[in-house]
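Note sheet for the following structure.
Numbering starts at 1 and runs along the sequence shown.
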Amino acid sequence: MTEGPDARLPFVPAWFRFQQGRLHKPIIGIANTWTEIGTCNMHLREIAEALKEGIREAGGTPMEFNTITISDGITMAHRA
């Protein structure tokens, strides 16, 4: 790591250096409310994976990030 393009980034994690090669492509953000505790959102992880694959196939770079989710009465242990 003392020569070549990685020589400039000796303290940067390997996953970031890997991403460097893809940063010249359009970056598409994917906000995901996936969570294991909300039954309404448990399936969103699989959908996001399929979406990311489609973005890659179209020549983009997907960047997924989580955001807050709203829970319903069932997961909050409230009775109707």
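- Rounding to the nearest 0.5 angstrom, the gap separating the CG atom in Leu44 from the CG atom in Asn66 is 10.0 Å.
- Closest heavy-atom contact between Pro26 and Gly59: CD-O, 3.7 Å.
- Rounded to the nearest 0.5 angstrom, Asn32 CG and Glu64 CD are separated by 4.5 Å.
- Qualifying side chain to side chain contact (heavy atoms under 4.5 Å, CB included) partners for Thr69, counting only residues two or more places apart in sequence or in other chains: Thr33, Thr35, Asn41.
- Nearest approach of Ile30 to Pro62, heavy atoms of both residues: CD1-CB, 4.0 Å.
- Evaluation of the side-chain hydrogen bond (donor to acceptor under 3.5 Å, both in side chains) rule for Glu49 yields Lys52 as partners, not counting sequence neighbours.
- When every heavy atom of Glu36 is checked against every heavy atom of Trp34, the shortest pair comes out as CG-CZ2, 3.8 Å.
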